[in-house]
There are 2 protein chains.
Amino acid sequence: MSGTTAADAVGHDELATLRVVALDSGLTGEVKVSCAGLGERLDASSQTASRRLQRLDDAGLLAREVTGDGQWVTVTDAGEAALRREYEQYRRIFEEPTSVELRGHVTSGMGEGRHYISLPGYMEQFRDRLGYEPFPGTLNVELAEESLRRRAGMEAVEAVAIDGWQDEDRTFGPASCYPATLVADGGRYETVHAIVPERTHHDESQLELIAPDRLRDALELEDDEELEVHVGA
Amino acid sequence: MSGTTAADAVGHDELATLRVVALDSGLTGEVKVSCAGLGERLDASSQTASRRLQRLDDAGLLAREVTGDGQWVTVTDAGEAALRREYEQYRRIFEEPTSVELRGHVTSGMGEGRHYISLPGYMEQFRDRLGYEPFPGTLNVELAEESLRRRAGMEAVEAVAIDGWQDEDRTFGPASCYPATLVADGGRYETVHAIVPERTHHDESQLELIAPDRLRDALELEDDEELEVHVGA
DNA sequence: ATTACTAATATACGAGTAC
DNA sequence: TGTACTCGTATATTAGTAA
């Protein structure tokens with residue numbers, strides 16, 4: 001699996017507690033809870049509810065303000081990311097598997113995307129919407145000829161939208177992140193996204209991949225190595 | 001909360017185990033797993049993986065065939081239902097507040113729901129949770145065929161829960177009330193709720209509507225008149 | 001009313017082992 | 001290899017209590 005973020009520090013019981021909070025407060029709002037009430041919904045004692053909230057707090061998945069007669073809690077960005085990771089798993093189970101199988105080979109160009117990926121305006125969205133913080137660089141895949149046509153099928157795959165933004169100097173365009181699985185000789189890597197800039201005229205023959213780890217290392221990839229990219233799977 | 005099905009008998013750790021199995025086998029297929037491999041994916045020992053599979057099996061959420069060199073497992077219908085319950089919660093957290101547009105026509109059957117609606121155990125809850133005291137009868141809508149499939153999308157709509165209760169003679173089950181708008185030739189009626197019994201096997205092709213007024217009068221409805229029901233709007 | 005501590009008890013875990 | 005026992009130990013839970 002990989003991915004040792006703060007979310008792994010809490011167990012499934014804590015995550016279920018966070019989910020109940022999110023159901024009540026939404027992802028951005030705050031809600032007043034009492035340990036007794038929360039415990040009842042969780043089928044546990046108020047002490048257990050209290051402890052779970054503390055652990056969620058310690059792990060940074062939840063922010064609390066304890067008052068005399070209860071506490072206001074909000075789900076943090078890290079908490080939202082943790083929940084989204086779970087959500088994406090369930091989606092993979094229940095959603096129609098509209099997947100597009102593409103073939104190609106590793107090509108150079110680890111450099112160009114790197115700069116953009118690591119910009120905070122993008123990185124924040126990756127963390128919140130993809131559920132992980134990508135390695136600051138892209139793996140570029142040069143698509144085989146027969147895959148160029150199939151590439152159009154990617155539009156049927158549900159993508160995660162990344163919004164455009166701007167700083168003082170310039171604007172940065174929006175993009176779409178298509179969930180994908182990368183298959184190489186060295187093994188499979190499940191949590192990959194193909195990132196496609198929305199507006200700019202990019203090279204249709206290349207696919208840029210991001211992932212929690214440096215894919216070249218994780219799969220021991222060599223230059224020009226043949227790959228399969230299962231977009232939407 | 002209640003809902004004491006077999007699924008509640010297992011903890012969140014077991015459900016997470018079931019999820020991993022579903023990710024590999026799909027909802028219908030079977031997959032060969034080893035406790036050692038499963039334990040690694042779950043960040044636990046093989047003994048723990050073994051115990052979790054046993055408990056899932058005991059709870060009827062998973063079917064196993066243990067062979068000499070591993071075991072084939074499949075997610076049962078009850079297991080799928082348990083996972084779907086989780087999934088629906090995540091959808092409510094992450095999905096946009098959806099509305100489902102259903103079409104159908106007025107049908108008779110004003111009678112059956114009438115008795116239940118007017119029972120004080122329900123009527124009190126309607127007053128408190130829906131904000132009005134419904135006319136003591138339901139408008140039954142026979143759904144058009146294309147709307148039958150869309151009906152499943154209603155589960156993503158946030159409903160008002162009506163608790164079950166009992167008197168000396170019998171028990172009355174819980175139900176869900178989905179906020180809806182009714183559109184007919186005679187006009188629109190905004191404050192409608194589609195009431196769906198929770199447990200009992202009810203007719204999926206019919207939708208029972210309650211509202212502060214008698215809908216037949218308020219919208220001057222005729223038998224078999226075509227209607228639109230916007231659930232969640 | 002709350003939250004959260006302490007301490008007794010129940011449960012879960014994993015090493016070792018049998019088959 | 002595999003599953004699934006037993007059993008000593010670690011962790012989680014909850015009643016009681018303090019603030």
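Note that the coordinates shown come from a computational prediction; the quantities given were computed from them, not determined experimentally. Sequence lines set the chain letters: A, B, ... in the order given, protein chains first and strands last, and positions in each chain run from 1.
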| note | Between B:E198 and B:S176, the two heavy atoms sitting closest are OE2-OG, 3.6 Å
| query | To the nearest angstrom, how far is A:L38 atom CG from C:dT2 atom C1'? | reply | 14 Å
| note | Applied to residues 27-40 of chain B, the side-chain hydrogen bond (donor to acceptor under 3.5 Å, both in side chains) test, sequence neighbours excluded, yields B:K32-B:D69
| Going by heavy atoms in the side chains, are B:S118 and B:F135 under 4.5 Å from each other? | no
| request: Can you tell me which stems involve DNA chain C, if a stem is defined as three or more consecutive Watson-Crick or G-U wobble pairs, both distances under 3.5 Å? | output: C:2-19 with D:2-19
| query | Which word best sums up how the rings of B:Y122 and B:W165 line up, parallel for under 30°, tilted for 30 to 60°, or perpendicular for over 60°? | reply | perpendicular
| task | Begin from the C-alpha positions of B:R92 and B:E158 and carry the test salt bridge (charged side-chain N to carboxylate O under 4.0 Å, His left out) through to its verdict. | result | CA-CA 7 Å; B:R92 230 177 292 171; B:E158 192 164 355; 5.7 Å; no
| query | Can you tell me if the side-chain N/O atoms of A:S50 get under 4.0 Å from OP1 or OP2 in C:dA4? | reply | yes
| Taking the six-membered ring of B:F172, is NZ or CZ of B:R170 closer than 6.0 Å to its centre and within 45° of its axis? | yes
| query | From the list D:dT13, C:dA4, D:dT3, which nucleotide is the closest neighbour of the side chain of A:R52? | reply | D:dT13
| What about the rings of A:H193 and A:Y132, do their centers lie closer together than 6.0 Å? | yes
| field | Nucleotide of C:dA12, C:dT2, C:dA4 approaching B:R55 most closely (side-chain heavy atoms) | value | C:dA12
| task | Please report, rounded to the nearest Å, how far the P atom of C:dG14 is from the CG atom of B:D13. | result | 11 Å
| query | Hey, mind stepping through B:Y87 and A:E86 against side chain to side chain donor-acceptor pair (under 3.5 Å) and telling me if it holds? | reply | CA-CA 9 Å; B:Y87 177 51; A:E86 303 276 299; over 6 Å; no
| said: Is there a side-chain contact between A:R64 and the phosphate of C:dA4, meaning an N or O under 4.0 Å from OP1 or OP2? | reply: yes
| task | Provide, to the nearest angstrom, the distance between the CD atom belonging to A:Q54 and the P atom belonging to D:dT11. | result | 17 Å
| task | Nearest whole angstrom, please: distance from the P of C:dC13 to the CD of B:E40. | result | 17 Å
| query | Tell me, for nucleotides 14-19 of chain D in 5' to 3' order, what letter each nucleotide earns: B for a base near a protein heavy atom under 4.0 Å, S for only sugar-phosphate near one, - for neither? | reply | BBB---
| D:dA12 P sits how many Å from A:L53 CG, rounded? | 16 Å
| task | Go through the steps for B:R55 and B:E14 under the test salt bridge (charged side-chain N to carboxylate O under 4.0 Å, His left out), then give the verdict. | result | CA-CA 7 Å; B:R55 283 206 266 248; B:E14 279 77 22; 3.0 Å; yes
